[in-house]
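This report concerns only the one structure given below.
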Amino acid sequence: MFVGHYGPALAGKAIARSVPLWALVFAVQLVDVAWGVFVANGIEHVRIVPGFTASNALDLYDMPLTHSLPAALAWAAGAGLIYAIWAPREKVRGGLVIALAVFSHWVTDLLVHVPDLPLWPGGPVVGLGLWDNYWLALALEMGVLAAGFAVYLRVTEPKGLVGRIWPWVFVALLVAAQQLNHTMPPPERVAQLGYTATATFILITGLAALCDLTRRPRAA
Ligand SMILES: [Zn+2]
């Protein structure tokens, strides 16, 4: 899953309004940020096989440190703890929301991945395989993103004109990124794939920070 991950990030604002959107947006892709660096450096492994699923060319046959169930839980706990230490307010609530956001990655990946998510490192792999149905997978990504976006618009309000417009630009850019990801030929080298993925997730985090600058939580 790609932009569908951002649905839970946007919706997270409803649970802890002091948590910046950029932190939620980074959290939902945290394990993929690590995955990009890990595959680029041969710590985890992926094969680029054109046509591997209807949606992408990734044979994700070895990613125990980022996408096994216990690893996802550990990343979630670690990120939640770091957030709770760092946050000026809503430490516990905010930390829990960040942990949930990090773990939501595994849950949403479970829907689309073909069986490649290990229940434990070296253990059986799971995945419901929606990627094999391009339109269904795309509808799911867009549906989850749209639902999160609706929540975000409801629980925040613009500070001015830019805050009114920017969230729509942000979501439009996400949709464009999803389309680009599908139509561009897959990179030939795994290192290029990994670093491009990680850089993209960091760039999207920056774009989300502009939402934080231009909007504020609506009074509950
Ligand atoms: Zn993933």
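Note that ligands are numbered from 1 as they come in the structure, with each ligand's atoms numbered from 1 the same way. Given the structure is predicted, the values throughout are model-derived calculations rather than measurements.
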Evaluate the ring planes of F38 and W75, with Trp represented by its six-membered ring, and classify them as parallel (under 30°), tilted (30 to 60°) or perpendicular (over 60°). tilted
Hey, could you give me each pair passing ring-ring contact (aromatic ring centres under 6.0 Å, His included) that has a residue in residues 150-183? Not counting sequence neighbours. Y134-H182, F149-W168
A quick test of your reading: do over 12 heavy atoms of other residues, nucleotides or ligands sit less than 6.0 Å from CZ of R164? no
Taking side-chain hydrogen bond (donor to acceptor under 3.5 Å, both in side chains) as the test, write out the residues that go with D132, two or more places apart. none
Check whether NZ of the Lys or CZ of the Arg R47 lies under 6.0 Å from the centre of the six-membered ring of F52 and within 45 degrees of that ring's axis. no
Sum up the protein N, O or S atoms located under 2.8 Å from the Zn ion (ligand 1). 4
Per the salt bridge (Lys or Arg N to Asp or Glu O under 4.0 Å) rule, what does the pair list look like for residues 93-115, sequence neighbours excluded? E90-R93
